Amino acid sequence: GEDVEQSLFLSVREGDSSVINCTYTDSSSTYLYWYKQEPGAGLQLLTYIFSNMDMKQDQRLTVLLNKKDKHLSLRIADTQTGDSAIYFCADTNAGKSTFGDGTTLTVKP
Amino acid sequence: DAGVIQSPRHEVTEMGQEVTLRCKPISGHDYLFWYRQTMMRGLELLIYFNNNVPIDDSGMPEDRFSAKMPNASFSTLKIQPSEPRDSAVYFCASSERGSLTDTQYFGPGTRLTVL
């Protein structure tokens with residue numbers, strides 16, 4: 001079946017850039033997503049990229065997609081303490097999404 | 001819209017008791033998903049519905065778990081009898097197929113503790 005994998009933890013200093021990586025197996029995914037989960041809350045869509053794109057930029061967020069390698073990354077520029085959260089990568093096919101296990105981002109002041 | 005609504009937000013029960021979790025999806029969404037999140041297993045898809053019909057329940061752990069969607073605005077996830085290993089946060093999410101992105105919108109979750 002489909003699988004989405006990500007590293008579990010990332011720690012950065014405030015002001016640095018954060019890069020969270022993800023690999024997926026479903027080559028027919030239409031969209032790929034990054035969701036953010038803050039403590040005690042549900043997942044919230046952060047950004048997405050259409051599968052025929054290779055880059056998308058949205059303010060401090062940059063999403064890179066390498067479809068050949070099935071690799072997705074999320075770069076957060078000028079990381080702030082408020083960015084500390086769990087970040088989930090997900091793909092979608094026929095309405096159903098497969099989520100990775102989430103990367104816990106810790107931002108140190 | 002108020003978003004996906006789940007109730008209760010917290011539930012503490014004793015082993016062997018029946019637990020019912022409730023979800024109201026966003027109006028107009030035709031997909032509804034139930035997830036379970038634990039530290040050990042991460043986010044697991046339990047079951048999802050399309051137009052109130054269960055499509056894939058392969059993630060339901062065992063027969064003690066059941067889910068229903070009697071109409072487009074309400075779904076329940078029932079655990080009977082509950083066990084301590086069912087302790088987790090249960091999320092409901094909904095989406096609109098045919099929307100631009102098939103984005104799932106998550107509820108705030110129900111934190112279940114089984115003693």
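Keep in mind that this is a model prediction, so the values were computed, not measured. The chains referred to below are lettered A, B, ... by the order of the sequence lines, with proteins before strands, and numbering in each begins at 1.
In this structure, the portion of A:Tyr35 lying under 4.5 Å from any heavy atom of chain B is its side chain and not its backbone. Within the 4.5 angstrom heavy-atom criterion, only side-chain atoms of B:Arg9, from C-beta onward, approach chain A. In this structure, the portion of B:Asp56 lying under 4.5 Å from any heavy atom of chain A is its side chain and not its backbone.
There is no path of hydrophobic side-chain contacts, each under 4.5 Å, that joins B:Leu46 to B:Phe106. With hydrophobic clusters built from ILVMFWY side chains whose heavy atoms lie under 4.5 angstrom apart, A:Leu74 does not share a cluster with A:Leu8. One hydrophobic cluster, built from ILVMFWY side chains closer than 4.5 Å, holds both A:Met53 and A:Tyr48. Follow the hydrophobic side-chain contacts under 4.5 Å out from A:Ile49 and you never reach A:Leu64; the two are in separate clusters. Residues B:Val89 and A:Ile86 share a single hydrophobic cluster, defined by chaining ILVMFWY side chains whose heavy atoms lie under 4.5 Å apart.
Remark: A:Leu43 CG to B:Tyr35 OH distance equals 8.5 Å, nearest 0.5 Å. The CZ atom of A:Phe99 lies 10.5 Å from the CD atom of B:Gln37; values are rounded to the nearest 0.5 Å.
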Handout entry: Audit row: B:Thr103, A:Thr92, side-chain contact (heavy atoms from CB on, under 4.5 Å) steps and yes/no
Key = CA-CA 9 Å; B:Thr103 300; A:Thr92 190; over 6 Å; no

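By number of non-hydrogen pairs under 4.5 angstrom with chain B, the leading residue of A:Gly102, A:Gly40, A:Ser97 is A:Ser97.
Summarising the local packing, CZ of B:Arg111 is surrounded by 12 or fewer heavy atoms from other residues, nucleotides or ligands at distances under 6.0 Å.
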